[in-house]
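The structure under discussion is supplied below as C-alpha cells; questions concerning it will follow.
Reminder, nothing fancy here: chain letters follow the sequence lines and each chain counts from 1.
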Amino acid sequence: MRKLGREFYLLDTVEVAQRLLGKILVHCTDQGVVSGRIVETEAYLRDDPACHASRGMTRRNKAMFGDPGHAYVYTTHGNRCCLNVVTQPQGIPEAVLIRALIPLEGIEIMQVNRGRSCLEDLCSGPAKLTQALGITLDLNEEDLLGDRLFVVDDGTQVETIVSKPRIGIRVATDKLWRFYPAELTRWVSKR
DNA sequence: ACATCGATCTACT
DNA sequence: GTAGATCGATGTA
C-alpha cells in the first residue's frame, strides 16, 4: 500500500489515466474513511476542445493550471460535482476525470450519502462517486499528497484496458481517451 | 445585468 | 429511450 507520489502525476496525461485504473481513491472524512478502486477514467489535454481549460484560465478551471497531484473539482448541472486529478507541471492545464469506482471501505457511509444500497449504483458515474465519497467543492485544489484525499497503489494490476470516446461531450469525439478494464464493465458508467 | 449551458442523474414511458 | 431538475460559471452587452 503506497500513496502515489508527485512524479506519477507528471507522466503523460493519457498514461496517467490508464495507470490510475486499479488504484484506490481514499477520502478521510469526519465520519470515517471512504475508498474505492478506480475502474473508469478520462484524459483531458491542453489543446483538446473538450477540455475546460482549452480556452484559457477561468475561476472554475484554475486548479488545472496549478501543480500536478492536486484535485480539480467542478460543479455541473446544479448540485453535482466531479473530481479530476491534475497532471503536468504548473502552467500546463491537463487532468484526468475519475468516472467510476468499485466501493471498498466505508460502504455504509456511501449508501447513506447516495440514498441507495445497491453496490453497483454507488460509484458508477463521476457525480455519483463524489456524492458517495462526500467530495465537494471545498476539496478543489486539495493536495493529493496530503492526508484528506489521495490515491494509493496496492499492487493490483488490470488485465486489458479498453479505450473509448469520452462521455457527455460534443467535440473531439474521435479521441479515444476514456479508459476502463475490460473485465470490470459491470462497475463503469456505461459500456 | 441577463441568457445560456453543461465532462450528470433520476424517474418515467 | 427521453425529459426534467437545477444553479453556478461563463460569455455577451
Exercise. Hey, does the side chain of A:Thr58 come within less than 4.0 Å of C:dA9's phosphate (OP1/OP2), counting only N and O?
Worked result: no
Exercise. If we require ring centres under 5.5 Å and near-parallel planes under 30°, does A:Tyr44 stack on B:dA7?
Worked result: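 According to the criterion (under 5.5 Å, under 30°), yes, A:Tyr44 stacks.
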For this session: Please state how far atom CD in A:Glu40 lies from atom C1' in B:dT8, giving the value in whole angstrom units.
Result: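 Going from CD in A:Glu40 over to C1' in B:dT8 covers 13 Å.
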Problem set entry | Nucleotide B:dT8, atom C1' - distance to CG of A:Asn84 in whole Å |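 Taking atom C1' of B:dT8 as the reference, CG of A:Asn84 is at 14 Å.
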Problem set entry | Length of the line joining A:Tyr74:OH and B:dT8:P, which is rounded to integer Å | 6 Å
Exercise. How long is the line joining CE of A:Met64 and C1' of C:dA9, in whole Å?
Worked result: 15 Å
Exercise. Does CG in A:Asp138 sit with more than 12 non-hydrogen atoms of other residues, nucleotides or ligands closer than 6.0 Å?
Worked result: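 Correct, the count exceeds 12.
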For this session: Please figure out whether A:Asn61 or A:Gly78 has its closest DNA chain C nucleotide nearer the 5' end.
Result: A:Gly78
Exercise. Of all of residues 105-121 of chain A, which get a heavy atom below 4.0 angstrom from DNA chain C, listed by number?
Worked result: none
Exercise. Quick one: is B:dA7 close enough that its OP1 or OP2 comes under 4.0 Å of any side-chain N or O from A:His52?
Worked result: yes
Problem set entry | Near-parallel close stack of A:His77 and C:dA5 base (under 5.5 Å, under 30°) |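 Per 5.5 Å and 30° rule: no stacking.
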Exercise. Between A:Arg6 and A:Asp143, is there a side-chain N and carboxylate O pair less than 4.0 Å apart?
Worked result: yes
Exercise. Nearest to the side chain of A:Arg170 - B:dC9, B:dA7, B:dG6?
Worked result: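 Of the candidates, B:dG6 comes closest.
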Exercise. Mapping A:Gln131 and A:Ala50 to their closest nucleotides on DNA chain B, which lands nearer the 5' end?
Worked result: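 This one resolves to A:Ala50.
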For this session: Could you tell me the separation between the CG atom of A:Leu137 and the C1' atom of B:dT8, rounded to a whole number of Å?
Result: 15 Å
Exercise. Between A:Arg60 and C:dT10, is there a side-chain N or O to OP1/OP2 distance below 4.0 Å?
Worked result: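 Yes, within the criterion.
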For this session: Decide whether A:Ser124 and A:Ser189 meet the rule of one side-chain donor and one side-chain acceptor closer than 3.5 Å.
Result: no
For this session: In whole angstrom, give the distance that lies between atom CZ of A:Arg178 and atom C1' of B:dT8.
Result: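 So the CZ-C1' distance, A:Arg178 to B:dT8, works out to 14 Å.
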Problem set entry | Watson-Crick or G-U wobble mate for C:dT12, both contacts under 3.5 Å |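 When the pairing criteria are applied, B:dA1 turns out to be the nucleotide that pairs with C:dT12.
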Exercise. Which whole-number value in Å describes the distance from A:Arg166 CZ to B:dG6 P?
Worked result: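 Interatomic distance, CZ of A:Arg166 to P of B:dG6: 15 Å.
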Exercise. Contact class for A:Ile169 vs. all strands (heavy atom < 4.0 Å): base, sugar-phosphate, or nothing?
Worked result: sugar-phosphate
For this session: Using a strict 4.0 Å threshold on nitrogen-to-oxygen distance, state whether A:Arg166 and A:Glu42 make a salt bridge.
Result: no
Problem set entry | Cation-pi geometry met for A:Arg99 and A:Tyr180 (6.0 Å, 45°) | no
Exercise. Is a side-chain donor-acceptor pair under 3.5 Å present for A:Arg37 with A:Thr156?
Worked result: yes
Problem set entry | Distance-only donor-acceptor check, side chains A:His70 and A:Tyr9, under 3.5 Å | no
Problem set entry | Proximity to the side chain of A:Asn79 - top-ranked nucleotide from C:dA9, B:dA7, C:dC7 | C:dC7
Exercise. Among the nucleotides B:dA7, B:dG6, C:dA9, which one has an atom lying closest to any side-chain atom of A:Arg99?
Worked result: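 Looking only at side-chain atoms, A:Arg99 lies closest to B:dA7.
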Exercise. If we call it a pair only when both distances are under 3.5 Å in a Watson-Crick or G-U wobble match, what pairs with B:dA7?
Worked result: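 In the structure as shown, B:dA7 has no Watson-Crick or wobble partner.
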Exercise. Is any side-chain N of the basic residue among A:Arg116 and A:Asp121 closer than 4.0 Å to the acidic one's carboxylate O?
Worked result: yes
